[in-house]
Amino acid sequence: MGSLVDRYDALFIDLDGVVYRGDRPVAGAVKALPEVRGRGARILFLTNNSSRTPEDVAGKLEGLGIAARPEEVLTSGVAMASMLGREGWRGRTAFVIGERGIREALEHVGIRILDGEAGRADLVVVGWDRSVDYPKLRTAALLVQRGARLVATNADASYPAPDGLWPGAGAILAAVTTTTGATPTVVGKPARPLFEEAAELTGATHPLMIGDRLDTDVSGAYGAGWDSLLVFTGASQPSDLLRAEHVPTYVGDDLSAVLRDPPPARFRPAGPTDVPDIRALLESAGLSAAGVERRLDQTVVCPGRAEGADGEVVATACLQQIEEFGILRSVAVHEDHRGLGLGILAVAAAVVTARDRGLSHVSLFTERAAGFFEKLGFRRSDRADLPEPVRSSEHAAEECAASATPMTLTL
Ligand SMILES: [Mg+2]
């Protein structure tokens, strides 16, 4: 049986929220990883956290029951050091706000680290530092004003700790940029350098990025031109998809989703040649196909995977516009591909078209899928509370059974 593992030349796997949460392993990931390896996948663990060395991270993974070698771990600190080494900063000096991981990585490529109240430096490096204090921030700001280049491991505003959010590297960086007005070079996701280093290290040209965050993992992969799998074991949840700037190629409950074989969600506007496929999909899902042709310009479809040509349509959704209101309808997935997250991505693709049209209110009627839509952030409503143009639409008044549950979403 095929799976995502076979479809890509490397898997770039985010750690926190995917493989572990804080100090606890994510059960589905621990179970799936040996099988993923067994299928010959090239794995690289990527993390924006620069406080640990790759050896520390591999050790932590081993401690959680996950086999990992230091060479399979790329931290933002190591990626920064490689980038600076390539750019010719070897032998130059850096004032560092950061912990052991970033310090060792910089020393490894021959960058000299200055401590205390340095008067001059070639670089000011900012990473996550749990002992940052005013003198360090003051020195960093003064050095940047004197011409040092400002480089940051990552710009994550917060660090998710068990008791809440702690200031992240981005919060520390903000003290320096707010003071100086300098624009930093950022290495970690969603910025490019970490991804470029990952591709360089593995030689991958067609990797899959697996992560738990829409704003870093998925957006960053999109920027690099790569496919992504969003897993729901960390920060982003299904309801976040409907407000996301970039939608992932796949979604899954956890990392074991890479062992499945979903079609890539590449939704496009429907055209006249899609009508027979859309009709077949709707009918097999028990939905009415009446009037499909009239709504083609408001319909999206996902072609299946066929080499060299568009395959048959495997999923569809329609976002009908009535005055300034949207009605989501005709969401259907081919029976061979159900249960793989394609329905969620069909709704996301349709809602993106609502946002593009400036609509801020989406309604729908469902007989059997209220739970599914609730997970995506729709709320059950009363017909009486729906906007009047929606309530009196042909869809509401004639096509939907009176027993159908009305639901709404405000974008
Ligand atoms: Mg994460």
Side-chain angles (χ1 to χ4, degrees), residues 4 10-30 32-33 36 43-52 54 56-58 60-61 64 66 68 72-80 101-102 127-128 152-171 186-195 197-198 207-224 226-241 243-258 341:
L4 292 188
L11 303 179
F12 295 161
I13 306 176
D14 172 52
L15 286 171
D16 213 342
V18 177
V19 176
Y20 50 69
R21 272 189 303 256
D23 289 323
R24 267 183 243 155
V26 173
V30 175
L33 276 166
V36 172
I43 289 176
L44 187 65
F45 295 107
L46 300 190
T47 174
N48 269 5
N49 190 331
S50 68
S51 66
R52 292 192 173 97
D56 294 338
V57 175
K60 172 172 176 166
L61 288 168
L64 296 174
I66 299 159
E72 292 176 317
V73 177
L74 179 62
T75 69
S76 61
V78 169
M80 180 197 283
I102 179 66
W128 196 45
T153 57
N154 63 308
D156 299 34
S158 59
Y159 172 85
D163 55 350
L165 298 177
W166 295 357
V186 178
V187 171
K189 302 169 284 178
R192 294 292 288 276
L194 183 73
F195 291 118
E197 185 62 22
L208 177 68
M209 178 68 214
I210 304 167
D212 69 311
R213 293 190 75 110
L214 284 158
D215 57 351
T216 55
D217 304 312
V218 171
S219 277
Y222 179 89
W226 299 340
D227 286 350
S228 58
L229 162 64
L230 178 73
V231 294
F232 297 126
T233 46
S236 297
Q237 292 306 308
S239 57
D240 298 317
L241 279 167
R243 291 180 179 83
E245 201 178 336
H246 300 297
V247 175
T249 322
Y250 313 98
V251 293
D253 289 336
D254 59 38
L255 183 60
S256 68
V258 293

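Counting starts at 1 for both ligands and their atoms, in listed order.
- Restricting Asp14 to its N/O/S atoms, the shortest distance to the Mg ion (ligand 1) is reached by OD2.
- For Asp212, the N, O or S atom closest to the Mg ion (ligand 1) goes by the atom name OD1.
- In summary, Asp23 and Lys60 engage in a salt bridge, as defined by a charged side-chain N under 4.0 Å from a carboxylate O.
- Checking Asp16 against the Mg ion (ligand 1), an N/O/S atom falls under the 2.8 Å cut-off.
- No donor-acceptor pair closer than 3.5 Å links the side chain of Thr75 to the backbone N or O of Ser50.
- The backbone N or O of Thr233 lies less than 3.5 Å from no partner atom in the side chain of Asp212, so there is not a single donor-acceptor pair.
- Ring orientation note: the planes of Trp226 and Phe195 are nearly perpendicular, at an angle over 60° on the 30°/60° scale.
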